[in-house]
There are 2 protein chains.
Amino acid sequence: MTLVTTAGDDTTLTRVERKELTRQAILAAALRLSSDGSLGSLSLRQVAKEVGIVPTAFYRHFASIEELGLALVDEAFVSLRAMLRDVRNAGGDPTFNDMIDSSMRVLADHVRAQRSHFAFIARERFAGPPQVRATIRHQIELFERELATDIARLPGTDAWSTEDLYVLANLIVGASVSTVEELLYADRRAAEELVIARACTQLRMMLVGALGWRSAD
Amino acid sequence: MTLVTTAGDDTTLTRVERKELTRQAILAAALRLSSDGSLGSLSLRQVAKEVGIVPTAFYRHFASIEELGLALVDEAFVSLRAMLRDVRNAGGDPTFNDMIDSSMRVLADHVRAQRSHFAFIARERFAGPPQVRATIRHQIELFERELATDIARLPGTDAWSTEDLYVLANLIVGASVSTVEELLYADRRAAEELVIARACTQLRMMLVGALGWRSAD
DNA sequence: AACCTCGGTGAACGCTCGTACACTGAAACG
DNA sequence: CGTTTCAGTGTACGAGCGTTCACCGAGGTT
């Protein structure tokens with residue numbers, strides 16, 4: 001149950017390495033414990049007990065639970081950015097359909113691998129402490145702006161205004177967030193596949209609609 | 001600050017009426033207090049103090065905070081259903097554009113008028129106690145099914161399968177939820193109008209895309 | 001008038017909470 | 001080698017928590 005001394009060869013570790021190890025253990029414990037109920041209903045003492053340290057030792061790493069929450073948001077968005085990189089790499093150029101399918105595949109894989117991070121973001125986006133909420137909103141907005149520049153490179157969007165690009169990016173990110181949230185609740189593998197298939201259809205609708213709508217305008 | 005005796009003419013009230021009054025005061029207080037941090041970080045004693053009753057009197061109305069939460073979900077969805085009714089009534093048949101614009105107008109008005117209810121749902125959808133989460137998910141799914149039957153009555157969807165209707169409804173409900181969440185964070189009136197305008201554009205994209213995509217299929 | 005119902009009271013309980021403070025002992029350093 | 005640094009310890013505190021119980025007194029019933 002206690003994690004702080006998981007790596008058995010204590011002797012080979014320098015002091016800063018040990019501290020970092022404890023820090024990681026605290027982050028992992030907080031992620032585990034907050035999976036039911038938000039950060040607000042997570043106590044410093046619970047975390048300390050889960051990690052296997054005395055409550056006051058917590059302060060050697062974070063000044064408060066809120067500060068821990070901000071560190072978790074950082075950690076989660078690092079893995080989200082890794083996903084975005086994978087999406088870009090996997091994005092086959094040949095057809096829209098290939099691009100959409102492979103992107104959704106990557107998304108689903110990441111949700112499965114980093115389930116607790118995604119769930120944490122979903123929870124704290126609206127229920128977390130104000131600064132945590134603000135940071136999450138800001139990061140999502142960054143995603144939207146990045147996606148907008150990606151879309152600008154797609155064929156058929158040459159004449160689009162910045163605002164139009166952003167509107168479409170906002171729609172796609174919003175739909176992706178919905179998909180992630182549905183994936184989090186998909187218990188069986190079959191249910192997951194259904195969610196993915198639907199999301200692909202929806203993405204296709206959006207892209208067809210956006211391109212058709214613009215050229216008809 | 002205390003609300004239980006807000007209506008001055010105590011004498012004219014029957015006992016069940018008084019009880020209902022206190023119940024409403026508890027619900028209102030819980031909504032107010034939980035606006036920062038979720039239900040989980042809301043204590044029975046805080047609620048009692050806000051209402052102006054002694055902690056133990058809380059049990060005369062609810063067995064636990066969770067049960068109170070379920071009552072709040074019910075209350076919130078009653079007002080959401082009222083909105084859906086307004087959307088249907090306001091839905092001008094002449095063109096898609098009118099229908100979309102008026103629906104978004106109604107949505108924005110309701111978010112403004114029932115802000116705390118929408119914020120509560122947004123918060124507890126992922127951070128609330130399990131049963132609260134499940135109830136919210138179920139209600140949203142009901143919305144999707146209702147919307148699917150509405151869409152089926154639209155011109156151009158005659159040949160659609162049940163699944164296709166549901167996929168589009170799921171997309172629209174998801175986008176609406178995103179819009180509501182953005183409206184909740186729109187501080188100035190101008191920002192609100194921008195969100196509405198974008199949402200209208202996005203809805204237009206989705207409908208054009210869905211109809212175009214289907215007929216191309 | 002006598003009785004019963006029941007929403008609200010107030011004291012008391014055993015917890016958990018965040019935080020203050022003085023401490024230890026091994027790692028890092030001059 | 002002696003000194004300093006500092007992650008983790010252990011105790012203690014006051015505050016807030018959910019829940020228990022016996023009690024009250026106005027409202028409703030007969």
Side-chain angles (χ1 to χ4, degrees), chain A residues 1-30 33-34 36-71 129, chain B residues 1-30 33-34 36-71 129 131-132:
Chain A
M1 177 137 322
T2 64
L3 292 177
V4 65
T5 53
T6 288
D9 47 355
D10 294 8
T11 54
T12 66
L13 294 174
T14 169
R15 205 150 62 163
V16 292
E17 287 171 333
R18 276 170 184 278
K19 178 165 185 179
E20 180 58 22
L21 227 58
T22 305
R23 196 189 127 98
Q24 293 300 328
I26 290 175
L27 289 171
L33 289 173
S34 73
D36 38 27
S38 71
L39 268 184
S41 47
L42 179 66
S43 81
L44 180 157
R45 289 179 109 102
Q46 279 175 52
V47 176
K49 180 181 286 185
E50 176 87 0
V51 172
I53 57 176
V54 93
T56 50
F58 177 90
Y59 292 113
R60 302 287 180 202
H61 303 272
F62 304 99
S64 64
I65 291 285
E66 168 147 8
E67 198 176 282
L68 194 174
L70 288 173
Chain B
M1 176 141 315
T2 63
L3 293 177
V4 67
T5 54
T6 288
D9 49 354
D10 293 10
T11 54
T12 67
L13 294 173
T14 169
R15 205 147 66 164
V16 292
E17 286 171 335
R18 276 171 187 278
K19 178 163 187 180
E20 181 58 22
L21 227 59
T22 305
R23 197 188 126 99
Q24 292 301 328
I26 291 176
L27 289 171
L33 289 173
S34 74
D36 38 27
S38 70
L39 267 185
S41 46
L42 178 66
S43 80
L44 181 156
R45 289 179 110 101
Q46 279 175 53
V47 176
K49 182 182 285 187
E50 175 86 359
V51 172
I53 58 176
V54 94
T56 49
F58 177 91
Y59 291 112
R60 302 288 181 200
H61 302 273
F62 303 99
S64 65
I65 291 285
E66 168 149 8
E67 197 176 282
L68 194 174
L70 288 174
Q131 213 189 327
V132 170

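Values reported hereafter were calculated over all heavy atoms of this structure, with side chains retained and with hydrogens, waters and symmetry mates removed. Below, chains carry the letters A, B, ... as their sequence lines are ordered, and counting in each starts from 1.
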Taking all heavy atoms of B/Arg23 and all of B/Phe62, pick out the closest pair and write down the distance.
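Heavy-atom minimum between the residues: NH1-CE2, 3.5 Å.
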
For A/Leu39 and A/Gly69, which heavy atoms make the closest approach, and how far apart are they?
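Scanning both residues completely, I find the closest heavy atoms to be CD1-CA, 3.5 Å.
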
Nucleotide of [options] approaching [X] most closely (side-chain heavy atoms):
X	options	answer
A/Lys19	D/dC17, D/dA7, C/dT19	D/dA7
A/Thr56	D/dT11, D/dT20, C/dT9	D/dT11
A/Ala57	C/dT19, D/dT9, D/dT19	D/dT9
B/Ile53	C/dT19, D/dT9, C/dT9	C/dT9

For DNA chain C, which residues of residues 60-67 of chain B approach it to below 4.0 angstrom with any heavy atom?
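B/Arg60, B/His61 - these, ordered by number, are the residues of the stretch whose heavy atoms sit under 4.0 Å from the strand.
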
Measure the spacing between [atom1] of [X] and [atom2] of [Y] and express it to the nearest 0.5 Å.
X	Y	atom1	atom2	result
B/Ile26	B/Leu44	CD1	CG	9.0 Å
B/Ser43	B/Ile65	OG	CD1	7.0 Å
B/Thr22	B/Lys19	OG1	NZ	9.5 Å
B/Glu17	B/Glu20	CD	CD	9.5 Å

Under 4.0 Å between a side-chain N/O of [X] and OP1 or OP2 of [N], yes or no?
X	N	value
A/Thr22	D/dA7	no
B/Ser43	D/dG16	no
B/Thr14	D/dG28	yes

Surrounding CD of B/Gln131 (heavy atoms of other residues, nucleotides or ligands, distance under 6.0 Å), is the total greater than 12?
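Counting other residues, nucleotides and ligands, CD of B/Gln131 stays at 12 neighbours or fewer.
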
Is there a donor on the side chain of A/Arg45 or the base of C/dG18 sitting less than 3.5 Å from an acceptor on the other?
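A donor-acceptor contact between them is present.
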
Any donor-acceptor pair under 3.5 Å linking the side-chain atoms of A/Gln46 with those of A/Glu50?
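On atom types as modelled, these side chains do not qualify, holding no pair under 3.5 Å.
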
Can you list, pair by pair, the side-chain donor-acceptor contacts under 3.5 Å of residues 53-60 of chain B, counting residues two or more places apart and other chains?
none

Could you list, one pair per line, each protein nitrogen or oxygen that sits under 3.5 Å from a nitrogen or oxygen of nucleotides 2-5 of chain C, together with the distance?
from: C/dT5; atom 1: O2; to: B/Arg15; atom 2: NH1; distance (Å): 2.9
from: C/dT5; atom 1: O2; to: B/Arg15; atom 2: NH2; distance (Å): 2.9

